Novice: 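This is the structure I have questions about; it appears just below.
Since the structure is predicted, the reported quantities are computational estimates derived from the model, not experimental observations.
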Amino acid sequence: MNQKTSSLMTLLPLIVVLLISNTANAQLRTNFYNATCPNVEALVRAAVQAKFRQTFVTAPATLRLFFHDCFVRGCDASVMMASPSGNAEKDHPDNLSLAGDGFDTVIRAKAAVDRNANCTNKVSCADILALATRDVVALVGGPSYSVELGRRDGRISTRASVQGRLPGPGFSLNQLNTLFASHGLDQTDVVALSGAHTIGFSHCNRFSRRIYNFSPTSRIDPSLNLQYALQLRQMCPVNVDPTIAVNMDPTSPNRFDNAYFRNLQGGRGLFTSDQVLFTDTRSRATVNQFALNNAAFGRAFVLAMTKLGRVGVLTGNRGEIRIDCTTPN
């Protein structure tokens, strides 16, 4: 086999994957349910609004759930599935902190859709999660956008499939870029999607090393604003209750805005993977742009969410429309 043929054989698996992915993406469209469940968006929105009125956590929990779903096996609602033996995606340590309110939002929205006689068992849990995510972002002041629909639900959810598929709080920009690129997302998407940390919270153990044991020469991460680090120590003392959580955006935690990026400029990124977006010169210009222009952040976020919503989707006859989002049919 000559070198040219060998190179072609090496590329073939990637070409096949890209062709399958592009074919699936082409089957997603914003009007997918026009003939089968024309009021699906209104039904989901009403259910999401009702849940949001009960607790603000609905917003960050649903947004994070969508991200964790799409990065493992694609946007197929496999993260929703439960396992009696504790072997589903949601049982992996990286997913144990997913707030129950996110799951509950999707389950309630699915029930609301299925109560409509025209829509019963016609709308996938994956699409409901995508719509609910759009709706919670809008409810907290973020951009609204059209959601491509037509995803079907996966039948497989395993704990093992999560390993190494989600970004960690200590990730470098290289690690972030590599992981996101595996899903067709570029560095601007990395920065824009990280902006979702403008809402939500984190448990202390996810960042405690930065404020107590960063290195032998510096207990506090030098990229962290010192005053902010001391505030974090007050909120997260040594041996803190593991259920205690801290807002990821210390300035406007209940509003989806570009304050997150201004925080990064001031050394107030909670995770290393947040602050590195500013400390690394390759992404700093994008952070500065979004910090200066909320509309630019909003446009980039919408584009990135649309691209994220296409990752690994099942369409056509692949997958199923789950009757119960927590279990395969």
Side-chain angles (χ1 to χ4, degrees), residues 14-45 47-48 62-81 89 105-106 109-110 113-114 116 118-119 121-138 142-157 165 180-186 188-189 192-193 196 298-323 325 328-329:
L14 177 60
I15 293 170
V16 171
V17 169
L18 289 173
L19 285 173
I20 293 172
S21 177
N22 289 337
T23 301
N25 291 346
Q27 295 182 47
L28 295 181
R29 59 184 191 274
T30 56
N31 63 350
F32 185 84
Y33 294 106
N34 275 14
T36 54
C37 182
N39 56 340
V40 61
E41 297 203 28
L43 292 168
V44 171
R45 186 176 296 113
V48 171
T62 305
L63 179 54
R64 188 164 179 243
L65 188 66
F66 180 68
F67 183 92
H68 280 232
D69 182 48
C70 293
F71 260 52
V72 179
R73 306 190 69 89
C75 308
D76 65 348
S78 53
V79 74
M80 295 289 301
M81 294 168 67
E89 287 177 27
T105 299
V106 178
K110 169 72 169 170
V113 170
D114 284 349
N116 185 294
N118 295 324
C119 303
N121 298 334
K122 292 179 181 176
V123 182
S124 68
C125 301
D127 276 346
I128 288 173
L129 175 54
L131 287 169
T133 301
R134 184 269 312 273
D135 292 339
V136 296
V137 169
S144 187
Y145 51 93
S146 298
V147 176
E148 295 176 338
L149 302 168
R151 301 169 191 79
R152 288 168 67 85
D153 298 322
R155 298 187 178 98
I156 300 170
S157 179
R165 303 301 298 172
F180 279 63
S182 71
H183 298 301
L185 300 163
D186 60 27
T188 301
D189 300 322
L193 290 172
R299 289 190 296 269
F301 182 79
V302 168
L303 176 59
M305 287 294 284
T306 301
K307 291 167 68 175
L308 177 62
R310 296 169 179 165
V311 172
V313 294
L314 303 173
T315 59
N317 294 322
R318 300 170 69 214
E320 63 186 14
I321 304 296
R322 236 177 273 154
I323 296 173
C325 289
N329 294 344

Novice: Evaluate side chain to side chain contact (heavy atoms under 4.5 Å, CB included) for Leu131 paired with Arg45, printing each intermediate quantity in order.
Specialist: CA-CA 8 Å; Leu131 287 169; Arg45 186 176 296 113; over 6 Å; no
Novice: Applying side-chain hydrogen bond (donor to acceptor under 3.5 Å, both in side chains), name anything that partners Tyr145, two or more places apart in sequence or on another chain.
Specialist: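 Partners of Tyr145 under the side-chain hydrogen bond (donor to acceptor under 3.5 Å, both in side chains) test: none.
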Novice: Quick one: pull up SG in Cys70 and CG in Leu129 and give me the separation to the nearest 0.5 Å.
Specialist: 7.0 Å
Novice: For Ile321 and Ser124, which heavy atoms make the closest approach, and how far apart are they?
Specialist: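 Heavy-atom minimum between the residues: CD1-CB, 3.8 Å.
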Novice: Is the backbone of Glu89 close enough, under 3.5 Å, to the side chain of Ser157 for a donor and an acceptor to pair up by distance?
Specialist: yes
Novice: Testing the basics here: between Ala304 and Leu185, what is the closest heavy-atom pair and its distance to 0.1 Å?
Specialist: O-CD2, 4.1 Å
Novice: Give the minimum heavy-atom separation between Ala47 and Ala109, together with the two atoms involved.
Specialist: CB-CA, 3.7 Å
Novice: When rounded to the nearest 0.5 angstrom, what distance separates CG in Asn121 from NZ in Lys110?
Specialist: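 Separation between the atoms: 5.5 Å.
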Novice: Could you measure the distance from the CG atom of Asn31 to the CD atom of Glu41? Nearest 0.5 Å is fine.
Specialist: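 Result: 10.0 Å between the selected atoms.
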Novice: Assess whether side chain to side chain contact (heavy atoms under 4.5 Å, CB included) is satisfied between Glu148 and Thr306, documenting all intermediate values.
Specialist: CA-CA 7 Å; Glu148 295 176 338; Thr306 301; 4.0 Å; yes
Novice: Do Leu308 and Phe66 come close enough that some side-chain heavy atom pair is under 4.5 Å?
Specialist: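 Sidechains of Phe66 and Leu308: in contact.
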Novice: Can you tell me if Arg151 uses its side chain to pair, donor with acceptor, with the backbone of Gly309 under 3.5 Å?
Specialist: yes
Novice: Got a second to check how far Asp114's CG is from Ile323's CD1, nearest 0.5 Å?
Specialist: 8.5 Å
Novice: Sequence neighbours left out, what passes salt bridge (Lys or Arg N to Asp or Glu O under 4.0 Å) with Arg152? Give chain and number order.
Specialist: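 So Arg152 forms no salt bridge (Lys or Arg N to Asp or Glu O under 4.0 Å) with any residue.
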Novice: Could you tell me the separation between the CG atom of Asp135 and the OG atom of Ser144, rounded to the nearest 0.5 Å?
Specialist: 7.0 Å
Novice: Go through the structure and list residues passing side-chain contact (heavy atoms from CB on, under 4.5 Å) with Asn116, not counting sequence neighbours.
Specialist: Asn39, Leu43, Asn118, Cys119
Novice: Can you list everything that forms a ring pair (Phe, Tyr, Trp, His ring centres under 6.0 Å) with Phe71? Sequence neighbours excluded, please.
Specialist: Phe67, Phe180, His183
Novice: May I ask you to test the Asp186-Lys307 pair for a side-chain heavy-atom distance under 4.5 Å?
Specialist: yes
Novice: Please evaluate residues Leu63 and Val137 with respect to the criterion side chain to side chain contact (heavy atoms under 4.5 Å, CB included), reporting the C-alpha separation (whole Å), side-chain torsions for both, the decisive distance (0.1 Å), and the verdict.
Specialist: CA-CA 8 Å; Leu63 179 54; Val137 169; 4.2 Å; yes
Novice: So which heavy atom on Val106 is nearest to which on Cys125, and how close?
Specialist: CG1-O, 4.2 Å
Novice: Flag yes if more than 12 heavy atoms outside Asn317 fall under 6.0 Å of its CG atom; otherwise flag no.
Specialist: no
Novice: Checking Arg155 now: which residues fulfil side-chain hydrogen bond (donor to acceptor under 3.5 Å, both in side chains) with it, not counting sequence neighbours?
Specialist: Glu320
Novice: Which residues satisfy the side-chain hydrogen bond (donor to acceptor under 3.5 Å, both in side chains) test with Arg322, sequence neighbours excluded?
Specialist: none
Novice: Can you tell me how far the CG atom of Leu193 sits from the CG atom of Leu303, to the nearest 0.5 Å?
Specialist: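 Nearest 0.5 Å value for the CG-CG distance: 9.5 Å.
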Novice: Just by modelled atom types, is the Leu149 backbone N or O under 3.5 Å from a matching donor or acceptor in the Asp127 side chain?
Specialist: no
Novice: How far apart are the closest heavy atoms of Ala196 and Phe301, and which atoms are they?
Specialist: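 Answer, listing the atom of Ala196 first, then Phe301: CB-CE1, 4.3 Å.
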Novice: Sub-3.5 Å donor-acceptor pair from the side chain of Asp153 to the main-chain atoms of Cys325, do we have one?
Specialist: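 Between the backbone of Cys325 and the side chain of Asp153 there is no qualifying donor-acceptor contact (under 3.5 Å).
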Novice: Is the side chain of Asp69 donor-acceptor paired with the backbone N or O of Cys75 at a distance under 3.5 Å, no angle test?
Specialist: no
